[in-house]
Amino acid sequence: MVNLVNLEQVGKSFGITPLLDQVSLGVQEGERIGVVGLNGGGKTTLLEVLTGIEAPDSGRVSRMNGLRMAVVTQRGSLPENATVGDVVLAGLADDAVGGNPVVAEHEWAANPRIRNVIEGIGIADLGMDSSVTNLSGGERRRVALAAALVRELDLLVLDEPTNHLDVEGVQWLAEHLLARRSALVVVTHDRWFLDTVATRTWEVVGGKVESYEGGYNDWIFARAERARQADATEARRRNLARKELAWLRRGPQARTSKPRYRVEAAEALIADVPAPRDNVELAAFARKRLGRVVIELEDVRLTTPDDRELVHDLTWRLAPGERVGLVGVNGSGKTTLLRALAGDAELATGRRIQGQTIRIGWLRQELDDLPTNMRVLEAVSDVAERIMLGDREVSAGQLAERLGFTPAKQRTPVGDLSGGERRRLQLTRILMSEPNVLLLDEPTNDLDIDTLQQLEDLLDGWAGTLVVISHDRYLIERICDSTWALFGDGKLTNLPGGIEEYLRRRAALAAPASSPATGGSTNSPAPATDSAAYRAARKEFARLERALEKLTDREQRLHDALAAAATEPDKLITLGVELKQVQADKESTEERWLELAEEVG
């Protein structure tokens, strides 16, 4: 196998901190490598040294002669006077100089590969003649990404490519990268994307680069095994890895490709780990804190400032302890709906009702609500000195440390924090306010995987009502019990099959109507013969199996709770309503499971 890039004993420091310390590694032809690690730990520096953007302080970097490579980093810039088309097609001209066959600029629309990239990444919506000067930061990143993807390359290097894509865009990008022959090195915090795309994972930690076979789930298994053998100073990381691993092992068995002896060691490690959360117990506690009425929207119509309708005739009643994941394409109204729940959006028609005991914690995408004149610990303790988190009392410093602020970092001025650190500080301040309703708008933006695990660990045992907008499929599956979608039809739709059902419905909406001239039968769907569709069907089938297990368990718990509450009429009514909803969800999930059972054989 051809070695494309090789690092030998490479060192790189900024100030007194070595980000890379005697690192030796290589990228082979056709490899797909995911790079993970803490924010500020050296991931971007590794990419820049690997690609020649930054020179190493020591060691040697060698690259294959004639290597065709494209790099999309977070620090990249676009020529200000160029159009979208100029930037996207510029790389094709570079390839032409190297003697590779490419289409002329005016013929790009006739090339299915180029057209697929432009449509799949959402560039067509921007307009090829639009000036890049007028684009937002997210749109500029998508243009730079498209410029790399349209090219035939040996190596593609991407830094956080999923940050400005919705769930649908993330899936399209994963499928596109799987279909390419080029090697890939990608920094990402999107765990579904990492697990789908990567054949190897590099973890940048303490100036070193640890290499693991497989994607996210295999990396978690390997890290959990390493933590099992570590000494007492690694206790916190070990406990986090154990809980994450327990969650993974409760899912489909195909989540890992490790040998059986590694799986058995991992199973021994998690034998005594409890379930991530007890939904019935948390819901009961939430009812005590929240009362019967949480937030209700009745006959609501929401519009944009230019009077474009987002939803109409919407009636939505959030229940105590309900945990909702909200998905939809960009511009469908997810953030506006969240603002309506928070009481911050003007309703065109209808009304909003809020319970008397409700305390809302609202995480917005903007970072403009932080006191930049304070230090981190002051900004957290300014909200509260101590809170009850579940059944434990936690101080401001302890909660800040759980979300990645070491005691030394807690003395840092807020104005000196990076974007990811400010996001963590936002979350910490919101949790310190002890809300009983959490509204989270893209909470995973700029968070590294370790912080994501800490956040999920906190939210697993959090008793309250939760609504989350996120393109992170792992987060939605992990902390939410139901998924709802905005499809742009003015309605809010429940999805018993979760994200997989959302993507399947979006694909069905996008597919052109079948032509009657094809001569084929219209009574039954075509079999999923292509491998991508089959893999998607297998994944959804496995997900529904897990959902059915959870719903069956929840149904049994509710039956037990009904029997125990035989002398409490109010409680019987509440439990009865919840049981009916669970049974309805189970029935619709079973129907979809049976459909897929025929499809996957």
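Positions are given from 1 along the sequence.
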Less than 4.0 Å between a side-chain N and a carboxylate O, is that true for [Y] and [X]?
| X | Y | result |
| --- | --- | --- |
| R181 | E29 | no |
| R505 | E501 | yes |
| E203 | K208 | no |
| E160 | R141 | no |
| D154 | R68 | yes |
| K43 | E48 | no |
| K12 | E54 | yes |

My understanding is that only one of V27, V5, L158 makes a side-chain contact (heavy atoms from CB on, under 4.5 Å) with V185; could you say which? V27
Residue from D450, D472, D218 passing salt bridge (Lys or Arg N to Asp or Glu O under 4.0 Å) with R191: D472
Within 45° of the axis and under 6.0 Å from the centre of the six-membered ring of W202, does NZ or CZ of R200 qualify? no
Does NZ or CZ of R424 come closer than 6.0 Å to the centre of the six-membered ring of F405, within 45° of the ring's axis? yes
Count the heavy atoms of every other residue, nucleotide or ligand shown that sit under 6.0 Å from CG of N65, and state whether that count exceeds 12. no
Heavy atoms, side chains only, cut-off 4.5 Å: are [X] and [Y] in contact?
| X | Y | value |
| --- | --- | --- |
| T412 | L417 | yes |
| V36 | V187 | no |
| L38 | V205 | no |
| V414 | D416 | no |

Report yes or no: do [X] and [Y] form a side-chain donor-acceptor pair below 3.5 Å?
| X | Y | value |
| --- | --- | --- |
| T303 | E309 | no |
| T44 | D159 | yes |
| T83 | D129 | no |
| Y474 | N217 | yes |

Kindly indicate, with the supporting measurements, whether the criterion side-chain hydrogen bond (donor to acceptor under 3.5 Å, both in side chains) is fulfilled by S24 and E8. CA-CA 4 Å; S24 296; E8 298 177 50; over 6 Å; no
Can you check salt bridge (charged side-chain N to carboxylate O under 4.0 Å, His left out) on E175 and R180, steps first, answer last? CA-CA 9 Å; E175 292 174 350; R180 293 180 72 104; over 6 Å; no
Derivation and outcome, side-chain contact (heavy atoms from CB on, under 4.5 Å), residues I476 and W192: CA-CA 11 Å; I476 294 290; W192 177 87; over 6 Å; no
For L503 and E168, what are the C-alpha separation, side-chain angles and deciding distance, and is it a side-chain contact (heavy atoms from CB on, under 4.5 Å)? CA-CA 7 Å; L503 293 169; E168 208 169 354; 4.2 Å; yes
